[in-house]
2 protein chains.
Amino acid sequence: MGSRLQESGYRLTQPRRAVIRALTEANDWLRPEEVLALARPYWRPLGLVTVYRTVSLLTELGYLKRVHLEERCVGYVRSDLVHGHHLLCRTCHQAVEFPGTEDLAPLVNRISQDTGFRVEHHLLELVGLCPSCQ
Amino acid sequence: MGSRLQESGYRLTQPRRAVIRALTEANDWLRPEEVLALARPYWRPLGLVTVYRTVSLLTELGYLKRVHLEERCVGYVRSDLVHGHHLLCRTCHQAVEFPGTEDLAPLVNRISQDTGFRVEHHLLELVGLCPSCQ
DNA sequence: CAGTTTATTGAAAATATTTTTCACTTAGGT
DNA sequence: ACCTAAGTGAAAAATATTTTCAATAAACTG
C-alpha cells in the first residue's frame with residue numbers, strides 16, 4: 001500500500017506508515033478513533049487529524065472503502081477485505097468479503113434500463129451476526 | 001402518517017404535523033436541516049431538535065428510512081418512496097424506489113449458508129445520475 | 001551527502017452534527 | 001374548563017470532522 005502511495009506522487013511519511021501498518025493488521029472495519037489507537041504504537045506523535053487525512057487519501061486511491069452502519073455512521077475497511085461488498089457483524093465489527101455478486105449485475109442492468117439512471121456504483125451491505133456472536 | 005402516530009400512542013402536535021407535512025410533500029431524501037427548512041412554513045417556532053426527535057421517531061415506527069451517501073452521511077426518505085431499496089441521484093438527490101429485488105433473496109440465502117452469518121438486514125443502494133442530470 | 005523546496009504534520013481553533021438538559025407548553029383524557 | 005404527562009425549544013454539552021498555521025521532514029537537487 002505504501003509503495004503505491006509513492007507511485008501516486010505522495011510522500012511515504014512515518015505517520016502514514018503507521019496508519020497503513022495498523023490497517024494492514026486489522027481484519028475489521030475501523031472508525032477513525034480506532035485507527036488512531038492501533039497506529040499510535042507505531043508512531044507516538046500521531047494525531048487524529050492525520051488519521052482523517054490519511055484514510056481519506058487511501059480511500060480516494062482505492063485502498064480503503066467507507067462502510068456505513070445504522071447507528072454510528074462511518075468506518076473504513078481495506079478494499080481487499082471487502083472486494084465490493086460487505087458482510088458486517090453488528091456486534092464484533094468483523095467485515096467479511098462475500099463471494100459471487102456477479103448475480104447483482106443483471107439486477108443493476110435491468111434497473112438502469114427501467115429507470116434511465118446511469119448507475120455509477122452500488123453499495124450492498126449485509127448486516128447481521130457472525131457465527132461466534134450468535 | 002399522523003393518524004398512525006396517534007394510534008401508536010404518540011401525540012399529534014403542531015411541530016410533528018409540520019414535519020410530517022414537509023415530508024409528505026418531498027419526493028426526495030432530506031437531511032435534518034432540510035426538513036427543518038421545509039417544515040418551518042407550517043410551524044414557525046419549530047426547532048432543529050424537534051426535527052431530529054421526530055425523524056427518529058418516524059424511523060422507529062417505519063415511516064421513514066435512513067439513507068447513506070458517500071460524502072454527507074445521513075438523510076431520511078419516506079419509506080413508501082423507497083420500499084426497501086434506494087436508487088439515488090448523486091446530484092439532484094432524487095430517490096427512486098426500484099422494483100423487483102426478490103432476486104436478492106437467493107443471493108442473501110447463499111451467503112448466509114456459506115459464511116454462517118445470520119443476516120438481519122441488508123442495505124442496497126444504487127447511486128448514479130438520473131436521466132435529467134446526465 | 002548537505003542544502004533546499006515543498007508536501008506533510010500536529011495542535012488548536014473552527015465548523016458541523018447530534019444529544020442532553022431543563023423549565024415551560026400543550027394535547028387530549030377527565 | 002382542568003390536569004397531567006408527553007412534548008417542546010433554547011441553550012449547553014457531547015461528538016465528529018475540517019481548517020488554519022507554524023514547524024518539520026521527505027525526497028529531490030546539485
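Below, all heavy atoms of this structure are taken into account, side chains as well, without hydrogens, waters or symmetry copies. Chain identifiers are assigned alphabetically (A, B, ...) following the order of the sequence lines, protein sequences preceding nucleic acid strands; residue numbering begins at 1 within each chain.
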Chemist: A:Arg31 has an atom CZ; how far is it from atom C1' of C:dT17, in whole Å?
Modeler: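 Result: 13 Å.
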
Chemist: Hey, which of these two, A:Pro32 or A:Tyr10, hits DNA chain D nearer its 5' end, going by closest nucleotide?
Modeler: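 Per heavy-atom nearest nucleotide, the more 5' residue is A:Pro32.
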
Chemist: For A:Arg11 versus A:Arg16, what's the shortest heavy-atom pair and its separation?
Modeler: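 Closest approach of A:Arg11 to A:Arg16, heavy atoms only: O-NH1, 2.8 Å.
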
Chemist: For the helix from C:dC1-D:dG30 to C:dT30-D:dA1, what angle lies between the axis at the first five pairs and the axis at the last five pairs, to 10 degrees?
Modeler: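 Overall, the helix from C:dC1-D:dG30 to C:dT30-D:dA1 bends by 30° from one end axis to the other.
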
Chemist: So which heavy atom on A:Thr115 is nearest to which on A:Ile111, and how close?
Modeler: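 That would be OG1-O, 2.7 Å.
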
Chemist: Please report the distance, rounded to the nearest Å, between CG in B:Leu5 and P in C:dG28.
Modeler: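 Interatomic distance, CG of B:Leu5 to P of C:dG28: 10 Å.
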
Chemist: Using a cut-off of 4.0 Å on non-hydrogen atoms, how would the nucleic acid contact of B:Glu33 be classed: base, sugar-phosphate, or nothing?
Modeler: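 Contact class for B:Glu33: none.
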
Chemist: Looking at A:Leu46, is its backbone amide N or carbonyl O close enough to the side chain of A:Thr50 to form a donor-acceptor pair, meaning the two atoms are under 3.5 Å apart?
Modeler: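 Checking the backbone N and O of A:Leu46 against the side chain of A:Thr50, no donor-acceptor pair under 3.5 Å is found.
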
Chemist: Given side chains that start at C-beta, do those of B:Leu61 and B:Ser8 come closer than 4.5 Å, heavy atoms only?
Modeler: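 They are in side-chain contact.
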
Chemist: Among D:dT19, C:dT20, D:dA6, which nucleotide sits nearest the side chain of B:Val49?
Modeler: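 Out of D:dT19, C:dT20, D:dA6, the nucleotide with an atom closest to B:Val49's side chain is C:dT20.
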
Chemist: Would you say D:dA26 has OP1 or OP2 under 4.0 Å from some side-chain N or O of A:Arg16?
Modeler: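 No, outside the criterion.
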
Chemist: What's the CG-P distance between A:Leu48 and D:dT19, to the nearest Å?
Modeler: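 These atoms are roughly 15 Å apart.
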
Chemist: If you take all heavy atoms of B:Leu126 and B:Leu124, which pair is closest and at what distance?
Modeler: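 Taking B:Leu126 first and B:Leu124 second, the nearest heavy atoms are CD2-CD1, 4.0 Å.
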
Chemist: Give the rounded distance in Å between these two atoms: CD of A:Gln14 and C1' of C:dT8.
Modeler: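 For the pair A:Gln14 CD and C:dT8 C1', the rounded distance is 13 Å.
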
Chemist: For residues A:Gly75 and A:Trp29, report the shortest heavy-atom separation together with the two atoms involved.
Modeler: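 Closest pair (atom of A:Gly75, atom of A:Trp29, distance): CA-CE3, 4.0 Å.
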
Chemist: Whether the side chain of B:Arg118 engages the backbone of A:Cys133 through a donor-acceptor N/O pair (distance < 3.5 Å, no angle test) should be reported.
Modeler: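 No.
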
Chemist: Counting just side-chain N and O atoms, does A:Thr13 come under 4.0 Å of either OP1 or OP2 of C:dA7?
Modeler: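 It does not, given that no N or O in the side chain of A:Thr13 lies less than 4.0 Å from OP1 or OP2 of C:dA7.
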
Chemist: Ignoring backbone atoms, establish whether B:Arg53 has a side-chain N or O less than 4.0 Å from OP1 or OP2 of C:dT19.
Modeler: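 No, B:Arg53 has no side-chain N/O under 4.0 Å of OP1/OP2 on C:dT19.
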
Chemist: Should A:Gln6 be listed as having a side-chain N or O under 4.0 Å from OP1 or OP2 of D:dA27?
Modeler: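 Yes.
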
Chemist: Compare all side-chain heavy atoms of B:Thr13 with those of B:Arg17 and state whether any distance is below 4.5 angstrom.
Modeler: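 No; the side chains remain at least 4.5 Å from each other.
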
Chemist: Would you kindly give the CG-to-C1' distance between A:Leu12 and D:dT24, to the nearest whole Å?
Modeler: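 These atoms are roughly 16 Å apart.
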
Chemist: Going by heavy atoms closer than 4.0 Å, what residues in residues 34-47 of chain B are next to DNA chain C?
Modeler: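 Those residues whose heavy atoms fall under 4.0 Å from DNA chain C, taken from residues 34-47 of chain B, amount to none.
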
